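See below for the structure under consideration.
Here the structure is a predicted model, which is why all the values come from computation and not from measurement. Order of appearance sets the numbers: ligands from 1, and atoms from 1 within every ligand.
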Amino acid sequence: MTSIPGPNSQAALDRKALAVAAGVSATVPIAAVAAGGGVVVDADGNSFIDLGSGIAVTSIGNAHPKVVDAIATQAAQFTHTCFMISPYSAYIEVAEALNRVTPGDHAKKSALFNSGAEAVENAVKIARAYTKKNAVVAFEHAYHGRTNLTMALTAKAMPYKSGFGPFAPDIYRVAGSYPYRDGLSGEEAARRAITQIEKTIGAADLAAVIIEPIQGEGGFVVPADGFLGAIVSWCRDNDVVFIADEVQSGFARTGAMFASEHFGIIPDLITTAKGIAGGMPLAAVTGRAEIMDAAHAGGLGGTYGGNPVACAAALAAIDVYETEGLIERAREIEELVTTRFKAVQAEDPRIGDVRGRGAMMAVEFVDPATNMPDAALASLIAKACISSGVIVLTCGTFGNIIRLLPPLSISPALLVEGLDVIIETLARAPHAAAAK
Ligand SMILES: *Cc1c(COP(=O)(O)O)cnc(C)c1O
């Protein structure tokens with residue numbers, strides 16, 4: 001309807017600049033007024049095809065009617081008691097659902113929190129309480145959040161860490177598996193990581209290894225087959241808790257309920273958030289009952305953790321994942337996106353890699369001459385797509401990756417329209433030096 005941002009959005013952005021801290025930036029320069037059906041509508045009446053889902057959150061579709069009903073019903077009953085003061089059944093039912101849908105049929109327990117970072121913090125607390133050890137291993141390109149401990153676990157300096165230290169101690173980073181860049185088999189990459197852990201940290205002091213089974217902000221890196229399995233068995237043999245951070249990859253996003261399933265691994269603890277509750281803030285740690293029970297009474301919790309309205313939304317969302325064929329939809333999205341972008345890659349050497357699982361797909365842009373990351377091209381494409389009405393996000397340690405995270409419920413026609421815009425934008429983007 002207008003150029004982006006239109007006048008009403010611009011007015012809101014001007015007020016944002018005056019009222020909101022500058023550190024809270026915005027990728028899409030609009031004021032959103034409505035969203036649903038794979039579309040976000042702004043204050044000027046512009047419609048955007050949503051290939052971001054608010055960072056993999058509204059996977060079931062924005063304002064899904066079942067979630068909206070569940071929220072309204074629960075909100076009319078009560079909005080808060082504090083689960084640590086007066087427990088209620090919605091929280092318990094979410095824990096039961098998580099214990100049921102996460103990988104493995106061993107005895108499990110869950111605890112609920114407000115954000116992904118908070119879930120990760122608590123997973124580390126629980127692992128330390130259980131093992132009575134301190135050190136934690138995270139991986140290159142990892143993203144685990146913005147709190148102090150999770151900044152320490154996160155790999156990328158700008159914008160996540162720069163200027164915000166000192167960071168939590170006893171966190172160590174090792175190389176993971178990035179097949180496009182390291183060329184290693186899963187077994188080789190695991191041997192490299194394990195050697196680094198044994199020689200430079202030592203299993204005797206190591207409480208936990210935390211990893212995203214498919215990395216999110218770091219670039220949608222899918223590890224080589226066998227990598228995760230080897231790390232899990234090493235952890236078992238060394239009394240180290242294996243934590244899968246599935247905050248971004250969980251809940252049908254990758255064409256399985258959890259990405260761990262693609263690799264046949266059963267994590268000791270699994271952290272979830274983002275897609276869990278149809279957009280309401282909720283997060284969880286789920287895992288082996290004996291590990292989850294290691295923290296003393298009162299050691300876990302928080303004022304809002306497992307808020308009843310968020311829990312009601314989660315129960316509705318989990319029902320939608322299980323009954324509306326969204327795992328299958330994610331696989332169809334993978335097929336469609338892969339076919340389209342592999343075809344473009346065959347003609348355009350600036351696409352170094354097309355990868356991902358399900359509706360968590362990435363296109364990595366490189367300088368064809370050197371294979372070095374081309375962040376300028378990724379950023380140019382994302383910006384141009386937004387101006388053309390398609391929400392496209394970038395990611396990667398080097399910022400040279402565009403990531404596609406459409407709602408799993410998006411119609412194939414809308415998805416194809418969005419992909420067409422990206423592909424046309426790439427075709428128009430000037431090659432090499434001209435792009436920088
Ligand atoms: C987004 C994310 C987090 C942090 O979640 P917040 O809700 O933003 O705190 C942690 N881990 C992964 C893998 C994520 O993608």
Select one of side chain, backbone, both or neither to describe which atoms of A117 lie under 4.0 Å from any atom of ligand 1, heavy atoms only. both

Which one holds for K274 and ligand 1: side chain close, backbone close, both close, or neither close, with close meaning a heavy atom under 4.0 Å? side chain

Judging by distance only, is a nitrogen or oxygen of E217 under 3.5 angstrom from one on ligand 1? no

Under 3.5 Å: N/O of Q248 near N/O of ligand 1: yes

Any idea which heavy atoms bring I243 and A208 closest together, and the distance? CD1-CB, 3.7 Å

Pull out every atom of ligand 1 sitting under 4.0 Å from any heavy atom of D245, numbered as shown with elements. 10 (C), 11 (N), 12 (C), 13 (C)

Would you mind listing which atoms of ligand 1 come within a distance below 4.0 Å of any non-hydrogen atom of E212? 13 (C)

Compute the centroid of each ring, for Y304 and then for F113, and state whether the two points are separated by less than 6.0 Å. no

Would you say atom 15 (O) of ligand 1 makes contact with the protein, given that contact here means a non-hydrogen protein atom less than 4.0 Å away? yes

What protein heavy atom is closest to atom 5 (O) of ligand 1, reported as residue, atom name and distance in Å? G116 CA, 3.2 Å

Backbone of L206 reached by a side-chain donor or acceptor of K133 within 3.5 Å: yes

Relative to the ring of F78, is the ring of Y88 parallel (under 30°), tilted (30 to 60°) or perpendicular (over 60°)? perpendicular

Walk me through it: do R340 and E335 pass the test side chain to side chain contact (heavy atoms under 4.5 Å, CB included)? CA-CA 9 Å; R340 289 298 302 275; E335 175 77 38; over 6 Å; no

Out of E246, H144, Q215, who gets a non-hydrogen atom closest to atom 10 (C) of ligand 1? H144

Is it true that K66 and E324 make a salt bridge, defined as a side-chain N closer than 4.0 Å to a carboxylate O? yes

May I ask you to decide whether D293 forms a salt bridge with K109, counting only side-chain N to carboxylate O separations under 4.0 Å? yes

